[in-house]
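One is the number of the first residue; the rest follow in order along the sequence. What you see is a predicted model, and the numbers here were worked out from it, not measured in a lab.
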Amino acid sequence: MTIHFIPNDPRAGRAAPALRRKTPRREPPDGRAGFSYRKPPPEGVAEPGTPQFLFWQVREAALAAVRAWEACTGQPHLQWQGRRQRLPLLPDTGEDLNAFYDRATVSFFHQEVAPGRVVYAGASTDVVAHEVGHGLLDSVRADLWDVTFLEAGAFHEAFGDCLGILTALEDKGTREALLAQAPTLRKRNFVESFAEELAWGIGTAIPGHNAAEPRHAFNRYRFQVPSSLPSDGGPGVLINEVHSFAMVFTGCFWDLIAGLYAAAPTPGPQALRTAARRAGRLLITGARNAVVTPRFFLSVGRAMLQADATLHRGRDAEAIRAAFARHGIALGAAALA
């Protein structure tokens, strides 16, 4: 049987891979972590907007996100936070312009924002991978859940967006389409733009809201002390709020992928996947080991340098430093100490 699947976001644009038919992924084998479902509908090619489509879209995107994590770590994902093997995945739990991971579930919502115009958060692979990313980070750094520093919360949000990028770049069709749109990755594109339809829905329902502009990993935001930023602002303005401030770190990560890809001897889709996985492994290892401080972005960056020294003998150190420096975070030559 085959299903319909949107590899990126329903409003990602014409450059992005379109709705496709595909064979659904298999459930993880015994001993590996996965998801549980409530009354799953039968497999089949269903139209967007139907419960059948939404279930298989959310399931496929969630399993793809776990696979992207495993591709970066080189290890199977064995358990969620609390040593659980199954995490409930809820494709549509009511009306809201929202989605969340709350340790108990990964939940998605819908809302009619104009007559006949319904936004389903779970229809976006971006959004699903982001929420699963919260769960994956929580499985290895449960202590971050209760840290009150804004940068720790912003890193959690950034990690979700970074996993969304890694999930997208595991798909060959997506890599090919991305390189056709942005050959060097140094321009706005459908992969670095996050959750376009949800942002459109927010802007339609609440004109002028900060989240009415999709978050962007390709950006020029530079680190500032969060408390020095305004608490609110128009669409896309950097503000003192975790989802917005996350773009500073996500910008570092996108620039790291671009830097690693630029150094590839033979450019192309395969080299892009290698660069993304390499950056992902550094990110995940750094997230595991970073010391909790108010300057948590800096702490993760330094932990990524340490990871590079261990994993790659320091080969990517300059690329890591350059990526963070672009966003005003100086890791320093002495960071390994």
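Residues V248 and V292 share a hydrophobic cluster, clusters being chains of Ile/Leu/Val/Met/Phe/Trp/Tyr side chains in contact below 4.5 Å.
Atom NZ of K172 has 12 or fewer heavy atoms from other residues, nucleotides or ligands within 6.0 Å. Within 6.0 Å of CZ on R86 lie more than 12 heavy atoms contributed by other residues, nucleotides or ligands. The number of heavy-atom neighbours closer than 6.0 Å to CZ of R117, taken from other residues, nucleotides and ligands shown, is 12 or below.
L166 and A276 make their closest contact through CD2-O, 3.2 Å (heavy atoms, listed as atom of the first residue, atom of the second, distance). Heavy-atom minimum distance, G286 versus A303: O-CB, 3.4 Å. In terms of heavy-atom proximity, T2 sits nearest to P24 at CA-CD, 4.4 Å. When all heavy atoms are compared, the tightest approach of L282 to M304 is O-CG, 3.4 Å.
For F109 and F100, the gap between ring centers is short of 6.0 Å. Close placement of the W80 and F35 rings is indicated, their centers lying within 6.0 Å of each other. Side-chain rings of W254 and F249 stay apart, their centers remaining 6.0 Å or farther from each other. Ring pair F297/F324: centre-to-centre distance not below 6.0 Å. Aromatic ring centroids of F194 and H130 lie under 6.0 Å apart. Y120 has its ring centre no less than 6.0 Å from the ring centre of F108.
With 3.5 Å as the limit, one finds a donor-acceptor pair spanning the side chains of E192 and H216. Side-chain contact check for Q57 and T125: at least one donor-acceptor pair (N or O, by modelled atom type) lies under 3.5 Å.
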Evaluation steps, side-chain contact (heavy atoms from CB on, under 4.5 Å), between E170 and R273: CA-CA 6 Å; E170 280 296 304; R273 185 176 72 172; 4.0 Å; yes
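Side chains of S124 and I6 form no contact here, defined as non-hydrogen atoms less than 4.5 Å apart. For the pair T174/V191, a side-chain contact is recorded, criterion being any heavy-atom separation below 4.5 Å from C-beta on.
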